[in-house]
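A quick write-up on the structure given underneath.
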Amino acid sequence: MRVLTVNAGSSSLKLAFVEDGARTADQTVSARGEELDTSAVARFAARGFDCSSHRIVHGGKRFASATLVDGEAREALGRLVDLAPLHTALALKAMDALRELDSESPAVACFDTSFHATLPPAARTYALPWEWIERYDLRRYGFHGLNHGYVARRAATMLGRPLGELRIVSCHLGAGASLCAIAGGRSVDTTMGFTPVDGLVMATRSGAVDPGLLVWLQRHGAVTLDDLDNALEHRSGLAGLSGLSGDMKELLAAVDSGDERARLAYDVYIHRLRSEIAAMVAGAGGIDALVFTGGVGEHSARVRDDARRRLPLIERAQVLVIEAREDLELARQATELLSASK
């Protein structure tokens, strides 16, 4: 089966053809918000495909597994845009463009949140008023699930061991970053929560912040809700602390040149990363493999080394570096879904 995979980020769209588990062609199309060069998408897709498989960051409570997109599902997806607006609006724009180009080939939606549907109640539940939890479907959803699931299976293959017997901590470190505790092939804990802002310090996102601090800023600092939202997403993290772009390579160059704010930003990043790795080991009930993936995880040996320093919990774990391949996971889920439906 020739699968066209569509991976929407916050500022670009990655397209790829996957056949028999291998990528045969790929292209990145730039985008800004919902502004997408649909003609570029159409030109790439014109090579022909049997089905398209689309990464949707947030499936909410409704979507716990890959889903064939019909009219009703498309409408439901539109109602989820507010949960991850930077990614989902662009993903749906591309989906609609492809359906206009080829309305006969099936479209499959795959969700970053679905891998974390197995989180146990204690790991997914917020200690908030129960009526809020029920009314608004409040829970820890988790993200980067497509890649966390992929690297777990890849780690088992590399180690020559059954996935069902492994305890893995997967470190997806890029502009966005999250960790996942995987036991027996299932997500049992993760660092991101209801939205992708929670957890680790990221390039421009704050990660976990005392909620009381945010209330204080609105009440006493004259910070509006829109300003707060923009700051947490775009002006925090490594960029906010260092005054730089949030790019790890640029940050480390500044650290080595003696920039004190860059040094502080990096130290905060590593402190949080190391602490959360320890928490994920506890969540998994131990550790057999520590996996680094994503742009920073794959390419920065310095980050990998510093993250592991002074962590005796992981001394016996196998350390693996695995390329993020969401395209292969998108193709796998679509192929399995369509094969089962036949």
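Classification of Asp20 and Arg2 as a salt-bridged pair fails, no side-chain N sitting under 4.0 Å from a carboxylate O. Using a 4.0 Å cut-off between charged side-chain N and carboxylate O, Arg325 and Asp327 make a salt bridge. Of the charged side-chain nitrogens involved, at least one lies within less than 4.0 Å of a carboxylate oxygen, so that Glu329 and Arg332 count as a salt-bridged pair. Ion pair Asp70/Arg74 not flagged as a salt bridge, since none of the NZ, NE, NH1 or NH2 atoms sits closer than 4.0 Å to an Asp/Glu carboxylate oxygen. Look at Glu72 and Arg62 and you find a salt bridge, because one of the NZ, NE, NH1 or NH2 atoms lies within 4.0 Å of a carboxylate O, short of that distance. For Asp305 and Arg308, the salt-bridge test passes: some basic side-chain N is under 4.0 Å from an acidic carboxylate O.
Using a 4.5 Å heavy-atom cutoff, the side chains of Gln318 and Leu290 are not in contact. Under the 4.5 Å side-chain criterion, counting only non-hydrogen atoms from C-beta, Cys180 is not in contact with Val169. Between Ile133 and Thr125 the shortest side-chain heavy-atom distance falls below 4.5 Å. Using a 4.5 Å cut-off on side-chain heavy atoms (C-beta onward), Phe115 and Leu146 make no contact. The shortest side-chain heavy-atom distance between Thr28 and Leu15 does not fall under the 4.5 Å cut-off. Residues Asp256 and Arg302 meet the side-chain proximity criterion, which asks for heavy atoms closer than 4.5 Å. No side-chain heavy atom of Thr113 sits under 4.5 Å from any side-chain heavy atom of Val57. Between Cys171 and Ile277, some side-chain heavy-atom pair lies under the 4.5 Å cut-off.
Judged by distance alone, with hydrogens and angles left aside, the side-chain atoms of His220 form no donor-acceptor pair with the main-chain N or O of Trp216 at under 3.5 Å. Listed for the Arg140 side chain is no donor-acceptor partner under 3.5 Å among the backbone atoms of Tyr126. Between the Ser12 side chain and the Val29 main chain, no donor and acceptor come within less than 3.5 Å of each other. Without hydrogens or angle criteria, Ser300 side chain to Gly297 main chain gives no donor-acceptor distance under 3.5 Å. Remark: side-chain polar atoms of Arg205 are paired, donor with acceptor, to backbone N or O of Pro196 under 3.5 angstrom. The backbone N or O of Ala254 sits less than 3.5 Å from a side-chain atom of Ser257, completing a donor-acceptor pair. No donor-acceptor pair closer than 3.5 Å links the side chain of Arg99 to the backbone N or O of Ser105. Side chain of Arg124 to backbone of Leu119: a donor-acceptor contact under 3.5 angstrom is found. Looking only at distances, a side-chain donor or acceptor of Thr190 sits under 3.5 Å from a matching main-chain atom of Leu179.
In this structure, a donor-acceptor pair under 3.5 Å is absent between the side chains of Ser178 and His172. Judged purely by distance below 3.5 Å, without hydrogens or angles, the side chains of Asp112 and His144 never pair a donor atom with an acceptor atom. Asn7 and Glu326 share a side-chain donor-acceptor pair at under 3.5 Å.
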Ring pair (Phe, Tyr, Trp, His ring centres under 6.0 Å) between His58 and Tyr141, worked out: CA-CA 8 Å; His58 208 313; Tyr141 282 102; 4.7 Å; yes

Verify side-chain contact (heavy atoms from CB on, under 4.5 Å) between Arg55 and Cys110, making sure each step is shown before the conclusion. CA-CA 5 Å; Arg55 177 194 175 205; Cys110 302; 5.9 Å; no

Between Glu250 and Ser245, is the side-chain hydrogen bond (donor to acceptor under 3.5 Å, both in side chains) condition met? List the steps. CA-CA 8 Å; Glu250 183 180 345; Ser245 68; 2.9 Å; yes

Candidate pair Thr224 and Asp226, rule side-chain hydrogen bond (donor to acceptor under 3.5 Å, both in side chains), full reasoning: CA-CA 5 Å; Thr224 68; Asp226 286 342; 5.6 Å; no

What verdict does the side-chain hydrogen bond (donor to acceptor under 3.5 Å, both in side chains) test give for His54 and Ser52, after you've listed the backbone C-alpha separation in whole Å, the side-chain angles of each residue and the deciding distance to 0.1 Å? CA-CA 7 Å; His54 303 258; Ser52 59; 2.9 Å; yes

Derivation of the side-chain contact (heavy atoms from CB on, under 4.5 Å) call for Leu92 and Thr88: CA-CA 6 Å; Leu92 296 183; Thr88 305; 4.1 Å; yes

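Ala239 approaches Thr204 most closely through the heavy-atom pair CB-CG2, 4.1 Å. Here the shortest heavy-atom pairing between Ala262 and Asp259 reads N-OD1, 2.9 Å. Minimum interatomic distance between Ala73 and Val69 (heavy atoms only, all atoms of both residues): CB-CA, 4.1 Å. Here the closest non-hydrogen pair linking Val3 and Ser53 is CG1-CB, 3.9 Å. The minimum heavy-atom distance linking Gly193 with Asp198 is given by the pair N-CB, 3.6 Å. Closest approach of Leu337 and Val108 over heavy atoms only: CD2-CG1, 3.8 Å.
Within the model, atoms CD of Glu298 and CZ of Arg304 stand 9.0 Å from one another, a figure rounded to the nearest 0.5 Å. Taking CG from Leu83 and CD1 from Ile56, the interatomic distance works out to 12.0 Å, rounded to the nearest 0.5 Å. For the atom pair CZ (Arg309) and CD1 (Ile314), the distance works out to 11.0 Å, reported to the nearest 0.5 Å. A distance of 11.0 Å separates CG in Asp37 from NZ in Lys93, rounded to the nearest 0.5 Å. The CG atom of Leu138 sits 10.5 Å away from atom NZ of Lys61, with the distance rounded to the nearest 0.5 Å. Leu173 contributes atom CG, which lies 8.5 Å from atom OG1 of Thr293 (distance to the nearest 0.5 angstrom).
Both the sub-6.0 Å distance and the 45° axial angle are not jointly satisfied by Arg23 relative to the ring of Phe17.
The environment of Arg186 atom CZ is sparse: at most 12 non-hydrogen atoms of other residues, nucleotides or ligands sit within 6.0 angstrom. Annotation for Asp210: atom CG counts as buried by contact number, over 12 foreign heavy atoms lying within 6.0 Å. Residue Glu75 places its CD atom among 12 or fewer non-hydrogen atoms of other residues, nucleotides or ligands, all under 6.0 Å distant. Tyr136 OH: 12 or fewer foreign heavy atoms inside a 6.0 Å radius. Shown here is Glu134, whose CD atom has more than 12 heavy atoms of other residues, nucleotides or ligands within 6.0 Å. Other residues, nucleotides and ligands contribute more than 12 heavy atoms inside 6.0 Å of the CZ atom of Arg79.
Cluster annotation: Val215 is not connected to Leu217 through the hydrophobic network of ILVMFWY side chains, with a link wherever side-chain heavy atoms come within less than 4.5 Å. No path of Ile, Leu, Val, Met, Phe, Trp and Tyr side chains, each step under 4.5 Å between heavy atoms, connects Leu338 with Phe49, placing them in separate hydrophobic clusters. Under a hydrophobic clustering in which Ile, Leu, Val, Met, Phe, Trp and Tyr are joined whenever their side-chain heavy atoms come within less than 4.5 Å, directly or via other members, Leu214 and Val223 fall into the same cluster. In terms of hydrophobic clustering, with Ile, Leu, Val, Met, Phe, Trp and Tyr side chains grouped at heavy-atom distances under 4.5 Å, Val319 and Ile322 are assigned to different clusters. Val303 and Leu200 fall within a single hydrophobic cluster, where Ile, Leu, Val, Met, Phe, Trp and Tyr are joined by side-chain heavy atoms under 4.5 Å apart, directly or via other members.
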Extract all donor-acceptor atom pairs below 3.5 Å that involve side chains of residues 157-165 and protein atoms in other chains or at least two apart in sequence.
residue: Thr157; atom: OG1; partner: Arg153; partner atom: O; Å: 3.2
residue: Arg161; atom: NE; partner: Glu165; partner atom: OE2; Å: 3.1
residue: Arg161; atom: NH2; partner: Glu165; partner atom: OE2; Å: 3.4

